[in-house]
Amino acid sequence: EVQLVESGGGGVQRGGSLTLSCEAAGFTFRTAIMSWVRQAPGKELEWVASINGGGTVPNYADSVKGRFTISRDNAKDTLYLQLNSLETEDTAMYYCARGGRPPASLSTIRRWFTAWGQGTQVTVSS
């Protein structure tokens with residue numbers, strides 16, 4: 001059974017930092033392109049970042065580029081997202097998902113990814 005379990009969310013003040021983790025099980029993690037996706041209250045799902053199986057090619061949404069860093073430890077089957085310089089607009093539920101960057105033409109990205117975690121909440125206060 002494929003499992004993705006996120007952790008590390010919480011409340012932080014504007015300008016602060018958090019590190020999210022996602023532990024994977026039930027599939028060959030080291031060969032899977034993985035992503036972080038977020039959903040703010042009342043908004044659609046937003047792809048945030050992805051990384052290839054080897055961990056050498058990260059890719060970021062413009063909204064987080066330069067502030068967030070995606071990485072992975074294949075020995076631990078774990079995906080990470082380092083969030084720096086957080087803004088109130090970053091408040092969202094953050095999900096770990098199996099799959100790469102979705103095409104811009106997709107109206108909804110939920111079905112693009114083949115597995116999802118349960119999410120971890122990040123709340124940024126001003």
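Given the structure is predicted, the values throughout are model-derived calculations rather than measurements.
Considering CD1 of Ile33 and CZ of Arg98, their distance stands at 11.5 Å, rounded to 0.5 Å. Taken from OG1 in Thr123 to CD in Gln13, the straight-line distance is 12.5 Å, to the nearest 0.5 Å. Atom OG in Ser21 sits 13.5 Å away from atom CZ in Arg72 (nearest 0.5 Å).
The side-chain heavy atoms of Thr91 and Gln121, taken from C-beta on, include a pair separated by under 4.5 Å. Counting heavy atoms from C-beta on, the side chains of Val64 and Arg38 come closer than 4.5 Å. In this structure, Leu83 and Asp90 have side chains that are not in contact, with every pair of non-hydrogen atoms separated by 4.5 Å or more. Contact annotation: the side chain of Tyr80 never approaches that of Ile51 to less than 4.5 Å [non-hydrogen atoms, C-beta and beyond]. In this structure, the side chains of Thr120 and Ser7 stay at 4.5 Å or more apart for every pair of heavy atoms.
Between Thr78 and Glu23, the side chains place no donor N or O within less than 3.5 Å of an acceptor N or O (distance only, hydrogens not considered). Checked by atom type, the side-chain pair Ser63/Glu46 shows a donor-acceptor distance below 3.5 Å. Between the side chains of Arg14 and Ser126, no donor-acceptor pair of N or O atoms lies under 3.5 Å.
Here the shortest heavy-atom pairing between Trp36 and Ile70 reads CD1-CD1, 3.6 Å. For the pair Val12 and Gly16, the tightest heavy-atom approach, listed with the atom from each and the gap, is CG2-CA, 3.7 Å. Across every non-hydrogen atom of Leu86 and Leu18, the tightest pair is CD1-N, 4.1 Å. Considering every non-hydrogen atom in both Phe29 and Asp73, the closest pair reads CE2-O, 4.1 Å. When every heavy atom of Phe27 is checked against every heavy atom of Gln3, the shortest pair comes out as CE2-O, 4.3 Å. Between Trp47 and Arg101, the shortest heavy-atom contact is CZ3-NE, 3.3 Å.
The closest donor-acceptor contact from the side chain of Glu6 to the backbone of Cys96 lies under 3.5 Å. One N or O on the side chain of Arg67 and one on the backbone of Ser85 form a donor-acceptor pair closer than 3.5 Å. Asn52 contributes a side-chain N or O that, together with a main-chain N or O of Gly55, makes up a donor-acceptor pair within less than 3.5 Å.
The aromatic rings of Phe68 and Tyr94 are tilted relative to each other, their planes meeting at an angle between 30° and 60°.
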(request) Could you please spell out the steps behind the side-chain contact (heavy atoms from CB on, under 4.5 Å) verdict for Arg110 and Gln39? (result) CA-CA 11 Å; Arg110 183 172 297 279; Gln39 187 167 31; 4.1 Å; yes
(request) Mind running side-chain contact (heavy atoms from CB on, under 4.5 Å) on Tyr95 and Leu4 for me, showing each step along the way? (result) CA-CA 9 Å; Tyr95 298 93; Leu4 298 170; over 6 Å; no
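Met34 and Val122 fall within the same hydrophobic cluster, defined by Ile, Leu, Val, Met, Phe, Trp and Tyr side-chain heavy atoms under 4.5 Å apart, directly or through other members. No continuous path of hydrophobic side-chain contacts links Val5 to Leu79 [ILVMFWY only; heavy atoms under 4.5 Å]. Leu106 and Trp116 fall within the same hydrophobic cluster, defined by Ile, Leu, Val, Met, Phe, Trp and Tyr side-chain heavy atoms under 4.5 Å apart, directly or through other members.
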